[in-house]
Amino acid sequence: MLDHGTPEHAADDPIESLRHRMRHSAAHVMADAVLQLFPEAKVAIGPPTADGFYYDFEVQRPFTPEDLERIEALMLETINANAPFVREELNRDSAQSMFSSQPFKQEIIDDLPDETTLSIYRHGEFTDLCQGPHVASTGEITAVKLLHTAGAYWRGDETRPMLQRIYGTAFESQDELEAHLERLAEAERRDHRTLGRQLNLFTVHDEIGPGLIVWHPRGGVMRSLIEDYWRDIHYRRGYSIVYSPHIGRARLWQTSGHLDFYRDSMYAPMEIDEQEYFLKPMNCPFHIQIYRSSLRSYRELPLRIAELGTVYRYERSGVLHGLMRVRGFTQDDAHIFCLPDQVAAEVGDVLDLTFEIMSAFGFEDYDIMLSTRPDKYVGDPEMWDHATESLREALVERSLDYGIDEGGGAFYGPKIDIKIKDALGREWQCTTVQFDFNLPERFGLVYQDEEGNRVQPYMVHRAILGSLERFFGVLVEHYAGAFPLWLAPVQAVVIPIADRHNEYAEQVAAQLRDAGFRVEVDDRSERMNQKIRQAQLQKTPYMLVVGDREAEANAAAVRTRDGDNHGALPLSDVQEMLKADLAGTPAA
RNA sequence: GCCGAUGUAGCUCAGCCGGAAGAGCAGCGGUUUCGUAAACCGCAGGUCAAGGGUUCGAGUCCCUUCAUCGGCUCCA
């Protein structure tokens, strides 16, 4: 097999480097086991990945869970045999004959540049084309586990054969492996699709259609809190907030180029008065029409037009995933039209805004990527350079670490993508800041400069949360459904101990509601224990237990969802406690 | 779209070799009025995803479609 390059950080970190070699070696041992059980199997590639390894095979029938058990058992035998990994270099001809029965290996050999030194690694009876590196012997694969199987195209190309991939992972100790499996289990417990149902936040329905979300009252409260905060901060940062329709005539999408280049992702047109209309897959053309609604002066720029714009895109059925990948979603979209000498400051402002917003939602770790001009591009190369420089400048000015994806920009402009890291360290793509040299040209955007010349403005497209649906999904998983007080759909539930306390419970709730809190009363004829359990399961931040003693004292016994019982507090103190909890949040 | 798995009550799931559709939770009715994570009794609830086929007989076997899940590819 082929090494696809050791990640640079792996070489620096001894543990990562060991894991990398161990997993790579485990992939060999797995292929060995598969060939013993399925001698007719054709092997493809089997690299280590960020947290494990896989190997792709072409086999007569897909692997079953029982197959995985047998393969894993055989792997353990090989590991126990502690067979050394032996590297050998060889020339192209002997490699070809060695792998004469392995067509994928032959293709790999054929595609390698002539000057490449071919090498193989052996352990026991098994030999694989491979650059290495590996551990010294199979016994050094300390803790290994096969996880699941999946289909995967040969070389990721859907016109090539579908292979069967087996995923597994390996660690330097059994403890580390178990910790990893525990992280996977924790991720499953946090799954926003499960929590979304349990906490009654949203659902998807067969009857409505795949990838289309309905937000329930509790999810709806949270969404409006997010939107309110978003609007407020955008107004304060000099954005104008607009609204645009969900459909537009074919001509608009013709001009924008979407019909030529994006049609596969658009919902089919509807015909009205012999005119074709399309559901919008993007908001840009509408914002551009706003820009074009008058002749713009340089004095008006920068013009920042923002919208929580709902778009519809046809996503292939196999890629839909809860809220993370849907067909109808709302982008927190904005388009900034500006002068050349405003570009750097505008980009910087977007970055600052991003970090402020993300931090409000508890995200503090980022992975930033700058993508530069690809081979095929539109627009003036000088404007490209200026734009790319301004992106870089904004990053450097803020001393931000960032990677560079050379040539990874869109055909219409360079961009910065920001991934946020959640509580489990998983990365989510949300924020994107992209220059666009295509649409201003297509729509003939201009402004009039000091000398009366009509000049094309710079256009920056940006979304910070990305889509409200995806961001909400990330938020659910980040907090595991235990939202901070300012976002919690129900901030406190009042729990009367017996029915005779219902009336007082309502008074408590009414007082807190007057103070602006979202409070419910659990007046079911159930025991207090049941009500507390329910509130815990709903991850309600505050439980206010009221019985005879509290009613007497105009108080409530405060329990927080971490299980702490704070005892009976006067209602005024309860309010203070909640207010203190809101300090430093957008609701403060 | 492709590979594989799955689809049974509102939810989570059992249902063996084809032979009378089940449980827990939720819901509803009643009893209970309780001090920090599940009171008790009862009732109701199903075109077994949809459509077709095989069979004396299909939740169970076969085909098609739809959806979901794990991936591939793509992406906010």
Side-chain angles (χ1 to χ4, degrees), chain A residues 54 56 58-59 61-65 147-167 188 191 193-194 197-198 200 203-211 264-265 281-283 309-311 313-333 410 417 419 428-432 434 461-474 495-502 524-538 543-550 557-561 563-568:
Chain A
Y54 65 82
D56 288 345
E58 188 175 62
V59 278
R61 60 163 179 84
F63 298 111
T64 64
L147 298 171
H148 54 265
T149 61
Y153 296 107
W154 168 233
R155 298 199 150 167
D157 180 343
E158 62 188 54
T159 64
R160 309 296 304 272
M162 174 66 75
L163 308 175
Q164 294 301 317
R165 175 172 297 179
I166 302 179
Y167 284 94
E188 210 174 310
D191 192 312
R193 293 166 300 181
T194 316
R197 168 167 287 289
Q198 285 168 356
N200 204 1
T203 44
V204 247
H205 298 261
D206 237 8
E207 293 86 338
I208 296 174
D264 287 350
S265 297
M282 295 185 186
N283 303 300
T310 303
V311 297
R313 299 181 186 173
Y314 173 75
E315 299 286 354
R316 302 163 94 189
S317 58
V319 305
L320 299 175
H321 178 93
L323 293 176
M324 304 302 192
R325 191 73 183 275
V326 293
R327 285 183 174 163
F329 58 99
T330 301
Q331 296 181 301
D332 69 317
D333 211 354
D417 289 321
K419 289 180 178 165
W428 303 95
Q429 165 78 61
C430 292
T431 307
T432 181
Q434 310 187 348
H461 167 111
R462 51 113 280 197
I464 289 177
L465 305 176
S467 98
L468 289 180
E469 284 75 8
R470 174 180 294 179
F471 185 74
F472 188 69
V474 173
I495 298 178
I497 288 180
D499 289 352
R500 66 174 180 279
H501 307 120
N502 283 357
R524 293 175 301 156
S525 180
E526 291 284 354
R527 293 168 65 215
M528 178 201 60
N529 284 322
Q530 162 69 1
K531 297 180 186 180
I532 286 180
R533 173 177 158 80
Q534 199 51 41
Q536 287 288 156
L537 290 174
Q538 288 297 307
M543 283 149 266
L544 307 176
V545 178
V546 296
D548 290 330
R549 300 200 294 262
E550 288 76 16
V558 176
R559 176 189 165 111
T560 42
R561 68 182 156 200
D564 282 356
N565 187 346
H566 300 262

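Side chains included, hydrogens not; waters and symmetry mates left out as well; all remaining heavy atoms used. Numbered from 1 within each chain, the chains take letters A, B, ... in sequence-line order.
One P atom belongs to A21(B), the other to A50(B), and the distance between them is 16 Å to the nearest Å. Taking the P atom of each, U12(B) and A49(B) are spaced 14 Å apart, rounded to whole Å. Taking atom P in both A20(B) and U64(B), the straight-line distance is 30 Å, to the nearest Å. Nucleotides G29(B) and U60(B), compared at atom C1', are 37 Å apart to the nearest Å. Comparing A38(B) with C25(B), their P atoms sit 14 Å apart, to the nearest whole Å. Straight-line distance between the P atoms of A5(B) and A9(B): roughly 22 Å, to the nearest whole Å. Comparing C16(B) with U6(B), their P atoms sit 14 Å apart, to the nearest whole Å.
Taking atom CZ on R313(A) and atom P on C75(B), their separation rounds to 11 Å, with Å as the unit. Between the CZ atom of R524(A) and the P atom of C28(B) there is a distance of 10 Å, rounded to whole Å. In this structure, CZ of F329(A) is placed 8 Å from C1' of C75(B), rounded to the nearest angstrom. One atom, CZ of R327(A), and another, C1' of C66(B), lie 12 Å apart when rounded to the nearest Å. Nucleotide A26(B) holds its C1' atom 11 Å from the CD atom of E526(A), rounded to whole Å. One atom, CE of M162(A), and another, C1' of G71(B), lie 9 Å apart when rounded to the nearest Å. C34(B) atom P lies 15 Å from atom CD1 of I532(A), rounded to whole Å. Taking atom CG on L163(A) and atom P on G71(B), their separation rounds to 17 Å, with Å as the unit.
Taking the side chain as every heavy atom from C-beta outward, P210(A) and E315(A) never approach each other to under 4.5 Å.
Nucleotide G45(B) forms no Watson-Crick or G-U wobble pair with any nucleotide shown, as no partner meets the under 3.5 Å limit on both distances. Using Watson-Crick or G-U wobble geometry with both donor-acceptor distances under 3.5 Å, A23(B) finds its partner in U12(B). Remark: A39(B) base-pairs with U31(B); criterion is Watson-Crick or G-U wobble with both hydrogen-bond distances under 3.5 Å. With both pairing distances under 3.5 Å, C74(B) is matched to nothing as a Watson-Crick or G-U wobble pair.
Nearest to the side-chain atoms of D548(A) among the listed nucleotides G35(B), A37(B), U36(B) stands G35(B). Nearest nucleotide to the P210(A) side chain, out of U68(B), C74(B), G70(B): U68(B). Listed nucleotides: A76(B), C72(B), G35(B). Nearest to the side chain of R470(A): A76(B). The side chain of P62(A) lies closest to G4(B), out of C34(B), G4(B), U73(B). Comparing atom distances between the M528(A) side chain and each of G70(B), A76(B), U36(B) picks out U36(B) as nearest. Taking every side-chain heavy atom of R193(A) into account, G70(B) is the closest of G70(B), U73(B), A67(B). When distances run from any side-chain atom of A557(A) to the nucleotides G71(B), G35(B), A26(B), the shortest one goes to G35(B). For L537(A), the listed nucleotide lying nearest its side chain is A37(B); candidates were A37(B), A26(B), A76(B). Distance from the side chain of R197(A) is smallest for G10(B) among the nucleotides G10(B), U73(B), C34(B). Of the candidates U36(B), A37(B), G70(B), U36(B) carries the atom nearest the N565(A) side chain, counting heavy atoms from C-beta on.
Note that CE of M162(A) and CG of D56(A) are 10.0 Å apart. Values are rounded to the nearest 0.5 Å.
One cannot find a donor-acceptor pair under 3.5 Å joining the base of G71(B) and the side-chain atoms of Q164(A). For R527(A) against U33(B), no side-chain N or O and base N or O form a donor-acceptor pair under 3.5 Å. For G71(B), the base has no donor-acceptor partner in the side chain of Y153(A) [N/O atoms by modelled type, under 3.5 angstrom]. At a cut-off of 3.5 angstrom, the base of C75(B) holds no donor-acceptor pair with the side chain of R316(A). Not a single donor-acceptor contact under 3.5 angstrom links the side-chain atoms of N529(A) to the base of U36(B). Side-chain to base pairing of R325(A) with C74(B): one donor and one acceptor N or O lie within less than 3.5 Å of each other. The base of A76(B) lies close enough to the side chain of E315(A) for a donor and an acceptor atom to sit less than 3.5 Å apart.
In this structure, H321(A) reaches the G70(B) phosphate: one of its side-chain N or O atoms is under 4.0 Å from OP1 or OP2. In this structure, R61(A) does not reach the C3(B) phosphate: none of its side-chain N or O atoms is under 4.0 Å from OP1 or OP2. Side-chain N/O atoms of S317(A) include one lying less than 4.0 angstrom from OP1 or OP2 on G1(B). Phosphate proximity of A37(B) to R559(A): present, with a side-chain N or O under 4.0 Å from OP1 or OP2.
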Checklist entry - Stepwise, does the side chain to side chain contact (heavy atoms under 4.5 Å, CB included) test hold for L537(A) with Q198(A)? => result CA-CA 8 Å; L537(A) 290 174; Q198(A) 285 168 356; over 6 Å; no
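Put simply, Y167(A) does not rest on the base of G71(B): the two rings are not both less than 5.5 Å apart at their centres and under 30° in tilt.
Note on S525(A): a base of the nucleic acid sits closer than 4.0 angstrom, heavy atoms only. At a threshold of 4.0 angstrom between heavy atoms, the contacts of Q536(A) include nucleobase atoms, whether or not backbone atoms are also involved.
Between D157(A) and R155(A), none of the side-chain N atoms (NZ, or NE/NH1/NH2) sits under 4.0 Å from a carboxylate O, so this pair counts as no salt bridge.
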